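Notes for the one structure printed next.
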Amino acid sequence: MKRIEAVNDFVIKFGNVNGSGSASANELFAKSFLRMGIPVSPRNIFPSNIQGLPTWYEVRVTEAGWLGRRGGVDLMVAMNPQTWDKDVREIDPGGYLFYDNTKSLPASKFRDDIHVVGMPLTEICNATYTDARERQLFKNIIYVGALAALLGIEPGVIAELIGEQYKGKEKLLKPNLNAFQMGFHYAEEKLKDAVGLKVQRGYNVGDRIFIDGNSAAGLGMVYGGATVCAWYPITPSSSLAEAFQRYCARLRVDKETGQNRFAIVQAEDELASIGVVVGAGWNGARAFTATSGPGISLMTEFIGLAYFAEIPITIVDVQRGGPSTGMPTRTQQSDILACAYASHGDTKHVLLFPEDPHECFEHAAIALDLADRLQTPVFVMTDLDIGMNQRLTKPFTWDDTRRYDRGKVMTVEELEAGKEFGRYLDVDGDGIPYRTYPGTHPTKGGFFTRGTTKDRYARYSEEGPVYVDNVQRLLRKFETAKSIVPQPVLRGCGKKTRFGAIYYGSTSPAMDEAYAALEAAGIAIDTLRLRAFPFNDTVSDFIAEHDQVFVVEQNRDAQLRSLLVNELNIDPARLMPVLHYDGTPITARFIASEISERVRVLNVEPLKKGKAA
Amino acid sequence: MTYITKPKLHHPTLQQNRIGYTRRDYEGKVSTLCAGCGHDSISAALIQSFWELDIEPHKVAKLSGIGCSSKTPDYFLGNSHGFNTVHGRMPSVLTGANLANRELIYIGVSGDGDSASIGLGQFAHVMRRGVDMAYILENNGVYGLTKGQFSATADFGSRSKRGVENRDSAVDTVGLALLMGASYVARGFSGDKEQLVPLLKAAIAHPGAAFVDVISPCVAFNNHAGSTKSYDYVREHNEAVSRLDFWPSREAITVSYEEGAVIDVPQHDGSILKLRKLDGAYDPTDRIAAMNAIARAAAVGEVLTGLLYVDPSAEDLHAHLSTVELPFNRLGEQELCPGSAMLDRINASLR
Ligand SMILES: Cc1ncc(C[n+]2csc(CCOP(=O)(O)OP(=O)(O)O)c2C)c(N)n1
Ligand code: SF4
Ligand SMILES: [Mg+2]
């Protein structure tokens with residue numbers, strides 16, 4: 001029988017029961033590779049449920065550093081009887097099944113093209129512990145110990161991690177170490193060489209950090225100077241507001257007075273959370289909300305008001321799969337159009353597309369600056385894949401000379417000096433007017449904020465030409481946005497090619513790996529990673545320079561492609577959608593096979609028509 | 001209606017308040033509401049209140065929802081910032097504005113459709129949070145701006161101008177505000193300025209969530225026989241529990257009242273509410289009793305007015321959240337950004 005043999009390059013998947021304490025054991029397992037210098041990329045696949053339903057954790061061990069989901073499973077740790085059949089089916093031929101063989105299972109429950117590694121976990125736990133909760137929790141640590149022995153993870157590395165986790169909690173430290181040792185020794189003695197997957201020390205982690213995108217964005221909001229956060233819980237965005245809370249408690253409490261330099265309101269719904277953010281933005285505080293698709297739907301009326309009334313607000317949309325529960329705990333990039341054109345009337349909005357936690361941090365802080373500079377809503381479009389999974393990412397950086405860009409705010413001194421103030425007056429030709437904070441001056445600079453019905457001096461007007469004048473200025477402002485949003489990242493293949501690919505957000509790691517695979521297969525393709533909407537000339541130039549551009553995204557309707565066609569006036573035939581939308585993160589295998597297949601067809605077709613490739 | 005700006009030249013005889021402002025300085029644009037609309041009387045009462053309270057007009061932020069009532073912030077305090085937000089959501093915007101700068105005075109203006117229909121949720125929650133504001137509900141029992149449909153405060157059995165009888169029970173806004181935790185609750189009538197001005201002044205000065213429901217007849221759509229929000233009906237059924245006088249902390253109280261008829265309610269900023277009880281048994285600091293009294297009056301079709309409830313030791317959202325004294329909109333990198341050295345430490349903890 002075939003036996004998968006691999007060093008520092010394999011996928012292990014854990015099938016667990018939600019709420020059984022497996023999450024922290026699995027994280028411990030994933031981190032041990034990092035400490036051995038081998039990159040890993042773990043992913044949670046979890047249900048809309050707190051306890052009892054199946055949950056999976058997939059760890060990709062990848063010395064080459066490919067952080068996208070690979071697809072396929074080399075070793076399944078099947079700890080959930082409910083999903084046994086499905087889990088066993090998923091293992092690649094020649095792969096391994098690790099399971100609890102306390103109770104024997106009929107042969108029909110296995111496959112004959114995989115290697116089975118049994119260990120009597122329940123029996124060991126029952127013999128060692130009397131308390132039911134301990135039996136459950138330590139079972140997880142015991143299997144981590146066994147896996148460490150099977151794969152060759154240095155036990156010292158795990159002991160160190162356990163030591164860090166239970167620092168100051170000696171009572172918990174010792175039993176955890178014991179459980180780990182028990183599993184490790186058992187496997188060392190009884191399961192020698194049962195698995196052909198091995199880990200050896202490497203040096204590919206570097207100075208990178210390991211964090212999820214939501215925590216990174218929450219920290220970015222702290223660094224970027226957000227003082228007001230209003231939110232309503234929704235997966236997969238809740239942990240962002242919670243991270244902001246956690247970091248603020250640590251970094252934003254006045255040491256002397258114990259008072260807070262932040263306010264967090266868990267509102268009654270998304271209508272209220274966005275309202276609070278709009279009010280705070282109007283009054284000169286940096287404010288944000290974090291939500292997901294259904295929340296965006298509820299917020300759209302306010303988003304329109306903020307666009308027309310020109311109020312700086314920042315919204316993080318951690319995208320998920322549509323309405324209701326279920327798919328929503330899976331990932332997608334399916335709110336692109338909903339956000340780009342959110343609300344009534346002629347509106348369009350600035351979107352940012354961070355690719356990983358590092359950029360979640362950066363874009364969070366940049367979004368606050370952009371919102372103030374442009375006096376408009378700014379969306380940070382992340383998704384569940386980046387938001388809720390820990391990812392190896394470049395360390396965060398901050399330049400201490402950086403100043404917050406508070407945009408055009410007229411001061412009491414300027415008003416006093418007689419500087420002309422018109423709330424909607426385009427004095428600089430960039431479409432961005434000056435604003436004043438409420439309370440600035442007794443007689444100058446006060447104005448009444450309303451949606452559309454106003455002239456350049458914020459006076460009530462229902463005149464058509466006045467309306468047109470105002471919304472034309474809003475378009476000029478959107479033009480200005482093009483040059484100040486994060487610019488796209490070009491990767492040229494160094495050869496002349498008629499193929500290009502455009503992608504964004506969490507597709508990045510899979511695209512990087514697919515690019516390498518395509519290159520190895522002799523397919524030359526240039527890529528452009530979009531980091532923001534509105535698109536600038538780089539994007540239209542890139543499309544103009546290639547006959548065929550693949551637009552790779554994680555939704556059914558090719559939403560970003562529609563945006564490109566619509567905003568840049570592009571012939572749709574030039575843009576070929578490559579779409580992945582089953583709720584699992586897109587893989588390099590998927591992208592590479594889709595693109596290479598189409599390149600093959602395209603290379604044949606023109607020949608038929610008598611054209612050379 | 002036109003938008004001719006009023007002459008700003010101050011007549012030398014116009015009376016100035018302590019900070020040198022005349023009533024004119026508290027006015028706004030010319031109203032575009034129907035002549036006789038109750039809402040205009042409320043704007044006038046607000047102008048009077050702010051003038052009497054010696055508040056610098058620009059230190060007030062005016063927020064409203066959508067409706068005829070919500071248009072009125074344009075018609076008073078013309079030098080203050082105002083924000084005509086979206087229908088039913090003024091409370092959340094006011095909450096955010098208040099968080100951004102705790103030093104201003106916040107006044108929220110809303111209608112009964114705005115607060116009791118589309119905005120019932122935000123109305124309830126803003127009271128729960130104790131946002132420091134004066135929330136004024138200009139209650140006419142109809143949607144004025146959309147031309148006369150019933151609102152959720154229309155009384156059961158009342159008739160619309162077209163003769164349709166309302167078969168839904170009414171939302172009791174003062175009862176709800178009390179239930180949700182408002183720390184100052186009053187009801188007035190746009191046709192009784194003498195009663196209304198002190199109620200508004202005390203609401204503005206109250207350091208917490210102050211709610212004033214003002215019955216404000218809509219002459220265009222709800223002032224006919226069969227309406228329970230008409231001038232005539234309210235005059236006939238107005239049951240005032242008290243007459244209020246409001247004394248800011250710095251003022252010496254010189255007026256003397258008849259013994260026994262007055263109770264003093266000192267606020268914790270030192271100001272004093274003096275209540276002339278009209279209903280001898282009524283104690284406005286007793287929340288449960290207030291709820292009972294409101295419910296009892298409603299059951300017999302009476303409109304209870306006056307100061308219904310006040311919590312003299314009220315706290316606001318900033319106290320609940322323990323925020324710094326300095327307004328958020330004045331904090332910069334220095335106060336907000338933890339800097340690169342701290343970031344290096346955070347990075348180190350993530351390896
Ligand atoms: C989302 C939304 N739905 C409907 C409307 C239309 N609308 C404008 S004002 C109003 C009712 C206002 O009634 P009320 O708050 O009682 O104010 P009034 O005009 O009576 O003072 C409605 C339904 C709107 N502006 N927004
Ligand atoms: S319609 Fe009614 S509420 Fe509106 S302005 Fe006229 S009288 Fe006032
Ligand atoms: Mg009304």
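Order of the sequence lines sets the chain letters (A, B, ...), proteins ahead of strands, with each chain counted from 1. None of the values given here were measured: they were computed from a predicted structure.
Proximity to chain A involves both the backbone and the side chain of Pro73(B), based on heavy atoms less than 4.5 angstrom apart. Arg286(A) does not touch chain B: none of its heavy atoms, backbone or side chain, sits under 4.5 Å away. Proximity to chain B involves both the backbone and the side chain of Val222(A), based on heavy atoms less than 4.5 angstrom apart. Heavy atoms closer than 4.5 Å to chain B are found in the backbone of Thr440(A), but not in its side chain. Of the atoms belonging to Ile274(A), not a single heavy atom falls under 4.5 Å from chain B. Of the atoms belonging to Leu271(A), heavy atoms from both backbone and side chain fall under 4.5 Å from chain B. Contact of Leu63(B) with chain A is made through the side chain alone, with heavy-atom distances under 4.5 Å. Neither the backbone nor the side chain of Val205(A) comes within less than 4.5 Å of any heavy atom in chain B. In this structure, chain A has no heavy atom under 4.5 Å from any part of Arg128(B). Neither the backbone nor the side chain of Ala230(A) has a heavy atom closer than 4.5 Å to any heavy atom of chain B. In this structure, the portions of Met342(B) lying under 4.5 Å from any heavy atom of chain A include both its backbone and its side chain. Looking at Phe361(A), the atoms closer than 4.5 Å to chain B (heavy atoms on both sides) all sit in the side chain, from C-beta outward. For Thr436(A), the parts sitting under 4.5 Å from any heavy atom of chain B are the backbone and the side chain alike. If you measure heavy-atom distances from Ile311(A) to chain B, the contacts under 4.5 Å come from the side chain alone. Both the backbone and the side chain of Glu325(B) come within less than 4.5 Å of a heavy atom of chain A.
Taken from CG in Leu219(A) to CD1 in Ile346(B), the straight-line distance is 4.5 Å, to the nearest 0.5 Å. Atom CD of Glu335(B) and atom OG1 of Thr227(A) lie 11.0 Å apart (nearest 0.5 Å). Rounded to the nearest 0.5 angstrom, Asn79(B) CG and Lys444(A) NZ are separated by 11.0 Å. In this structure, Leu34(A) CG and Leu350(B) CG are separated by 11.5 Å, a value rounded to the nearest 0.5 Å. A distance of 10.0 Å separates SG of Cys337(B) from CG of Asp399(A), quoted to the nearest 0.5 Å.
Interface remark: of the candidates Gly445(A), Ala287(A), Pro438(A), Pro438(A) forms the most heavy-atom pairs closer than 4.5 Å to chain B. In terms of non-hydrogen atom pairs under 4.5 Å with chain B, the most contact-rich of Ala285(A), Gly439(A), Gly284(A), Ala458(A) is Gly439(A). No other option in Ala100(B), Ser80(B), Gly82(B) has as many heavy-atom pairs under 4.5 Å with chain A as Gly82(B). Note: Arg403(A) leads Arg208(A), Lys31(A), Arg403(A) in heavy-atom pairs under 4.5 Å with chain B. Interface summary for chain A: among Leu104(B), Leu317(B), Thr95(B), the most heavy-atom pairs under 4.5 angstrom belong to Leu104(B). Between chain A and the residues Val324(B), Asp344(B), Leu326(B), the most heavy-atom pairs under 4.5 angstrom are made by Val324(B). The choice from Gly275(A), Gly446(A), Gly451(A), Gly281(A) that makes the most heavy-atom pairs within less than 4.5 Å of chain B is Gly275(A). Contact count against chain B (heavy-atom pairs under 4.5 Å) is highest for Leu305(A) among Ile264(A), Thr397(A), Leu305(A), Val228(A). Of the listed residues (Ala365(A), Ala280(A), Ala226(A)), the greatest number of heavy-atom pairs within a distance under 4.5 Å of chain B belongs to Ala280(A).
Among all heavy-atom pairs drawn from Trp282(A) and His81(B), the shortest one is CZ2-CB, 3.8 Å. The two atoms that bring Arg402(A) and Glu333(B) nearest to each other are O-CG, 4.0 Å, heavy atoms only. What you find for Val86(B) and Glu301(A) is that their closest heavy atoms are CB-OE2, 3.7 Å. Of all heavy-atom pairs between Ser92(B) and Ala272(A), the closest is CB-O, 3.4 Å. The shortest non-hydrogen separation linking Thr323(B) to Ala263(A) is CG2-CB, 4.3 Å. Considering all non-hydrogen atoms of both residues, Tyr223(A) and Pro338(B) come closest at OH-CB, 3.5 Å.
For Asn260(A) (side chain) and Leu321(B) (main-chain N/O), a donor-acceptor pair under 3.5 Å exists by modelled atom type. Panel note: side chain Arg351(B), backbone Asp207(A); a donor-acceptor pair is recorded below 3.5 Å. Using modelled atom types, one side-chain atom of Asn347(B) and one backbone atom of Phe396(A) make a donor-acceptor pair closer than 3.5 Å. Put simply, the side chain of Asn329(B) gets close to the backbone of Asn283(A): a donor and an acceptor are under 3.5 Å apart. Using a distance-only test at 3.5 Å, with no hydrogens or angles considered, a donor-acceptor pair links the side chain of Arg252(A) to the main chain of Leu336(B).
Residues Pro442(A) and Tyr21(B) have side chains in contact (heavy-atom distance under 4.5 Å, counting atoms from C-beta outward). Side-chain contact between Glu268(A) and Gln122(B) is present, with heavy atoms from C-beta onward closer than 4.5 Å.
Arg345(B) CZ: 12 or fewer foreign heavy atoms inside a 6.0 Å radius.
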Could you go step by step and tell me if Val278(A) and Arg89(B) meet the side chain to side chain contact (heavy atoms under 4.5 Å, CB included) rule? CA-CA 11 Å; Val278(A) 166; Arg89(B) 321 290 173 206; over 6 Å; no
Run the side chain to side chain contact (heavy atoms under 4.5 Å, CB included) check on Arg450(A) and Lys71(B) step by step: do they pass? CA-CA 10 Å; Arg450(A) 45 169 82 80; Lys71(B) 284 167 75 171; over 6 Å; no
